[in-house]
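Throughout, numbering of the chain's residues begins at 1 and tracks the sequence.
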Amino acid sequence: MQPKGPIGNHDLVKKINMEHIISTILQYRPVSRAKIASLTGLNKMTVSSCIDLLLQKAIVVELGTTGTSRGRPPILVDINELAGICVGVDVEVNQYTVLITDLLGKKLESMVFPLESKDPHYFVDSISRILADLEHTHAQRQLGIVGAGIVIQGYYNIQTNVVEYSANLKEWNSFPLMEELTKRNPNLAIYINPAPYAGAMGEVHFGRSKSVDHLVYVTSSWGMSVGVYNKGELFTGSTGTAGRLGHSTIHMNGKKCTCGSRGCWEMYASIKALYELLEETPQQLSFADIVAGIHSGESKITSAVHELGHYHGIGLANVINAYNPKVICIGGHLALLGSTFINSIWNTLNEVIPERFLKNLDIYCSDLGELGVAHGGVSMVISQLSNTIIRYSLLDSFRDHPVV
C-alpha cells in the first residue's frame, strides 16, 4: 500500500512515514523490514532508519529469523509490549473497575474501587490519584501510561465533551468530564466512550468475536445497554445515543425505573433485578457467592437466574427483531452466570421468536466477564497507539535521527 496523507515539510514527512511503519507493525506483527517496506511502499532505507530509532527507544524488539527459501533469513520485529501500559476504566453505579494491560492488551492487573459518592468530581479526584500512582509505579517503562480509556454508564457527547445523560448517575448529566479529567491529568491521553460501544469493541479486539462482522454486545451489569458492531463500525445513531435498550419497555405499568419510566428491561434483567429476586443485598450476598451458588446447584440461586434469563430473553427478542445479529455477546457481570443463564435465555427466545430467525444465531457469555467493558476502554487506547508512540517519545528525536 502507498503512504496516505498530506505531503508537507521534512518533519511532517518523517512523522507520516513513522506512523505508517508503526501501524504496519501493529497490524502484521511480527514482521520483517522487507515486508514493512512492501506493505507501506516506503524504501528499505527509510524503513530501516525508522526501525533503528524504534529499537534504540526500546519501542520495538527484534525477534528470531523467519524461514525463507533462499538468501539471508529476515529478522522479525515486534512491538515491545512492556514499553508502556494501557488503562481501561469501567464506571458503574456503585463502583468502578481499573484494568491495566501491556501495549498489546494483555492483562497485568485489575482493581475494583467503590464509587462512594455520585458526585462526578469525586470520581475525577479518585481516578486521577490512581493514575498518578500508576504513573509512578510504572515510571521505569519507556512510555509510562500511554493512555486511559474511560467508559461510562450513560451517553457522552463527543462534540461537546460532556455527559449527555445517565439514568443511574443523574448527578453526571451535563458534566464536562473530559475537561475536568484533562485538568487533573494534562499530560495523559484520555478517551471517553459509553459502555455499550466500548464493550462491543473490547469483545471484537480481545474476546471470542475477533473474526465476526456482525455483533450485538449487551452490557449486563447494574445497568443495561446494547452496542451494535457491523463490519468494522459501531452503530451510534444520529446523536450517539443508540443502544439505550435497557430502557425499552417490556412490562406496561411495571416497576418504576430510575429513568422515570415504568417496566424498563433493566428493571427485570440486570444485577439489580437479580438481587430483588433473591431478596438479598450485595452486602449480604456477594456476586461471587451467587456465581458459586450456580456452580454448586443451590436451588434458590438457580431459580432466580432462570427467571432473570427469561426476562433477558424477552429483551433480546426485541434486539433480534431490530438488528438481525449473527452473534449476541452477554458482557459485564452477568456474563459470569454462564450456561445456566444462556439456556434460560434460549428457552424464552424459542417461545417468542420463529425458528427461522434464530437459525445460525450464536449467543454466548463473554470470556472477558466483568472486565469486558474495561477491555473496551483499553481498545480505545490501543487504537491510537501509533500516534501515541510518536507523540510521547519519537518526535523530539527525529532531528537527531534522520528518517527519509
Side-chain angles (χ1 to χ4, degrees), residues 92-93 153-155 165-168 194-197 199-200 203 209 214-230 234-237 241-278 303-355 357-358 361-366 370 372-373:
E92 297 190 75
V93 178
Q153 298 290 329
Y155 297 91
Y165 178 79
S166 176
N168 295 316
Y197 309 150
E203 188 64 26
S209 293
H214 308 278
L215 168 75
V216 165
Y217 182 90
V218 184
T219 307
S220 304
S221 291
W222 290 95
M224 293 181 62
S225 51
V226 172
V228 179
Y229 172 85
N230 182 52
L234 289 168
F235 177 70
T236 59
T241 62
R244 196 171 170 263
L245 291 179
H247 296 285
S248 60
T249 301
I250 67 167
H251 195 302
M252 285 296 295
N253 300 317
K255 298 176 183 178
K256 185 70 177 290
C257 181
T258 53
C259 73
S261 185
R262 287 187 176 275
C264 292
W265 186 23
E266 74 173 39
M267 296 304 296
Y268 296 86
S270 64
I271 290 180
K272 181 193 306 181
L274 179 58
Y275 273 105
E276 287 182 359
L277 289 169
L278 292 169
S303 176
V305 170
H306 276 305
E307 185 167 350
L308 192 79
H310 166 69
Y311 283 112
H312 225 81
I314 292 174
L316 288 182
N318 294 329
V319 170
I320 293 167
N321 287 331
Y323 298 114
N324 183 32
K326 183 176 181 179
V327 174
I328 296 176
C329 174
I330 308 299
H333 285 79
L334 295 189
L336 300 177
L337 300 181
S339 59
T340 300
F341 188 50
I342 294 296
N343 290 339
S344 181
I345 289 173
W346 273 114
N347 289 339
T348 298
L349 289 177
N350 286 325
E351 293 177 359
V352 299
I353 296 286
E355 181 182 358
F357 299 116
L358 298 177
L361 173 64
D362 182 23
I363 303 176
Y364 71 92
C365 289
S366 174
E370 73 274 28
V373 173

With Glu307, which residues qualify under side chain to side chain contact (heavy atoms under 4.5 Å, CB included), at least two apart?
Leu277, Tyr311
Is the shortest side-chain heavy-atom distance between Val226 and Val319 below 4.5 Å?
yes
When rounded to the nearest 0.5 angstrom, what is the spacing between CG in Leu334 and OG in Ser270?
7.5 Å
Quick one: pull up OG1 in Thr340 and NE2 in His306 and give me the separation to the nearest 0.5 Å.
5.5 Å
Contacts of Asn230 that satisfy side chain to side chain donor-acceptor pair (under 3.5 Å) - sequence neighbours left out
His214
Does some side-chain heavy atom of Thr236 sit less than 4.5 Å from a side-chain heavy atom of Tyr155?
no
Counting C-beta onward and ignoring hydrogens, is there a side-chain heavy-atom pair between Leu308 and Ser344 closer than 4.5 Å?
no
Would the distance check show the side chain of Ser220 and the main-chain N or O of Gly332 forming a donor-acceptor pair, the cut-off being under 3.5 Å?
no
What residues, two or more places apart in sequence or in another chain, satisfy side chain to side chain donor-acceptor pair (under 3.5 Å) together with Tyr364?
Glu203, Ser209
Donor-acceptor contacts under 3.5 Å from residues 243-260 side chains, at least two apart:
unit_1, atom_1, unit_2, atom_2, d
Ser248, OG, Leu245, O, 2.7
Lys255, NZ, Glu276, OE1, 3.0
Thr258, OG1, Asn168, OD1, 2.7

Side-chain touch Leu337/Ile330, heavy atoms, less than 4.5 angstrom:
no
Could you tell me which non-hydrogen atom of Pro325 sits nearest to which non-hydrogen atom of Leu361, and how far apart they are?
O-CD1, 3.4 Å
According to side chain to side chain contact (heavy atoms under 4.5 Å, CB included), who are the partners of His333, at least two apart in sequence or on a separate chain?
Glu92, Gln95, Ser221, Ile271, Phe287, Glu370
Walk me through it: do Leu358 and Trp346 pass the test side chain to side chain contact (heavy atoms under 4.5 Å, CB included)?
CA-CA 10 Å; Leu358 298 177; Trp346 273 114; 4.2 Å; yes
Check side chain to side chain donor-acceptor pair (under 3.5 Å) between Thr348 and all other residues, then give those that pass, not counting sequence neighbours.
His310
Quick check for you: to the nearest 0.5 Å, what is the distance between Tyr323 atom OH and Leu316 atom CG?
12.5 Å
Where do Ile320 and Ile328 land on the side chain to side chain contact (heavy atoms under 4.5 Å, CB included) test, with the steps shown first?
CA-CA 9 Å; Ile320 293 167; Ile328 296 176; 3.8 Å; yes
Looking only at heavy atoms, which two atoms of Thr219 and Pro196 are closest? And how far apart?
OG1-CA, 3.5 Å
Compare all side-chain heavy atoms of Trp265 with those of His312 and state whether any distance is below 4.5 angstrom.
yes
Of the non-hydrogen atoms in Ala335 and Cys365, which two are nearest, and what is the gap between them?
O-CB, 3.2 Å
